[in-house]
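Protein chains get the first letters and strands the later ones, always in sequence-line order, with residue 1 at the start of each. Below, all heavy atoms of this structure are taken into account, side chains as well, without hydrogens, waters or symmetry copies.
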Number of protein chains: 2
Amino acid sequence: MGDENCVRLAYKIWLDNNGKVFGDGPYDLLLRVEQIGSLSKAAAEIGMSYNKAWRLIRAIEDRLGFPLLKCKVGGASGGGSEVTSQARRLMQQYRAFREEAENALELLYAKHFNEKEIKG
Amino acid sequence: MGDENCVRLAYKIWLDNNGKVFGDGPYDLLLRVEQIGSLSKAAAEIGMSYNKAWRLIRAIEDRLGFPLLKCKVGGASGGGSEVTSQARRLMQQYRAFREEAENALELLYAKHFNEKEIKG
DNA sequence: TTGCGTTATACTAGCAAAAGTATAACGTAT
DNA sequence: ATACGTTATACTTTTGCTAGTATAACGCAA
């Protein structure tokens, strides 16, 4: 049972191509990879297993058709991953779109539901 | 693997209160109940089992805090359901909001992704 | 009193998605 | 040669959701 009058707007927005291509989760993960230079560390930061993070990135790359990460295996540091320029471009576009979409939706929600009361 | 360059916008929008409260599915179902006067027939129309439809309505009513349907059991016709005035009000608000939201999102998507190419 | 169509609800089963476990490969430094 | 931290990937397990099945209650009509 829900709290009496706490109804609120909820939404999920993503890019899709026969499956989820890009959304808030991948955006956040890539942002961290960009800063740290390691997918496993980025995943650990947000409490995600490396395995899950890797599967996520791979699935997206398959659907997107271009690589998100340029990965190195072995070496002094063990290896690492850096975000490709294509991925950085996508991230920028997505962030801008996402922000404006959120603003627009909240505005419309207020217009239709808050100015008039939801309960009849 | 996804088709090369068929990436498109996808989204789900709903009202929420510790679980989904209202969205496109319930809206469509209630619309049919309004016309036919029977939940079981309305469900059958869209290939949904009565059981599923009933659970859907009940869950929403729990979270929403007011009844969507006024139901009669037994009688010559077996019974029937009619949509409450509160539910009708909600349906109207949701439909108007939903339409404007869709327009706004498509517009923003075009602005950020179609005018510039998605592939780097 | 039997039958019918509807609402009302519990219980069960199956299935798909999510996530964990295990393991290999790699390359530098010591 | 060994160790270490990372990427790479298969396999297994679990879990949460979905949906079907069954059954009862109800009230009118024949």
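Checking the phosphate oxygens (OP1, OP2) of dT6(C), no side-chain nitrogen or oxygen of S81(B) falls inside 4.0 Å. Using a 4.0 Å cut-off, some side-chain N or O of K41(B) falls inside it from OP1 or OP2 of dT6(C). Here S49(A) does not reach the OP1 or OP2 of dA19(C): none of its side-chain N or O atoms lies under 4.0 Å away. Contact annotation: S77(B) does not reach the phosphate of dG5(C) (side-chain N/O to OP1 or OP2, under 4.0 Å). Look at W54(A) and you won't find any side-chain N or O under 4.0 angstrom from OP1 or OP2 of dT7(D).
Considering only the side chain of R58(A), dT9(D) comes nearest among dT7(C), dA25(C), dT9(D). The side chain of N51(B) approaches dT21(D) more closely than any other nucleotide in the set dC26(C), dT21(D), dT7(C).
With DNA chain C read from its 5' end, the first of the two nearest nucleotides for G75(A) and M48(A) is the one closest to M48(A). With the nearest nucleotide of DNA chain D identified for both G74(A) and A76(B), G74(A) has the one nearer the 5' end. With DNA chain D read from its 5' end, the first of the two nearest nucleotides for C71(A) and G78(B) is the one closest to C71(A).
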Audit row: I13(A), F97(A), side chain to side chain contact (heavy atoms under 4.5 Å, CB included) steps and yes/no: CA-CA 10 Å; I13(A) 300 177; F97(A) 163 72; 3.6 Å; yes
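Counting to the nearest Å, the P atom of dT7(D) and the CD atom of E82(A) are 12 Å from each other. With rounding to whole Å, L69(A) atom CG is found 13 Å from dA8(D) atom C1'. Summarising the geometry, the separation between CD1 on I36(B) and P on dT7(C) is reported as 11 Å, rounded to the nearest angstrom. Regarding K52(B), its NZ atom lies at a distance of 19 Å from the C1' atom of dA8(C), rounded to whole Å. Taking atom CG on D62(A) and atom P on dT9(D), their separation rounds to 10 Å, with Å as the unit. Between R55(A) atom CZ and dA16(C) atom C1' there is a gap of 14 Å when expressed in whole angstrom units. Atom CG of L39(A) and atom P of dT9(D) are 13 Å apart (whole Å).
E61(A) contributes a side-chain N or O that, together with a main-chain N or O of L69(A), makes up a donor-acceptor pair within less than 3.5 Å. E82(B) places no side-chain N or O within 3.5 Å of a backbone atom of K70(B) that could act as its donor or acceptor partner.
Applying side chain to side chain donor-acceptor pair (under 3.5 Å) to H112(A) and the options R95(B), E100(B), E99(B) leaves one that passes, E100(B).
A salt bridge is absent between E45(A) and K41(A); no separation between the charged side-chain nitrogens and carboxylate oxygens falls under 4.0 Å.
In this structure, Y50(B) forms an aromatic stack with the base of dT7(C), since both conditions hold: centre separation below 5.5 Å and plane angle below 30°.
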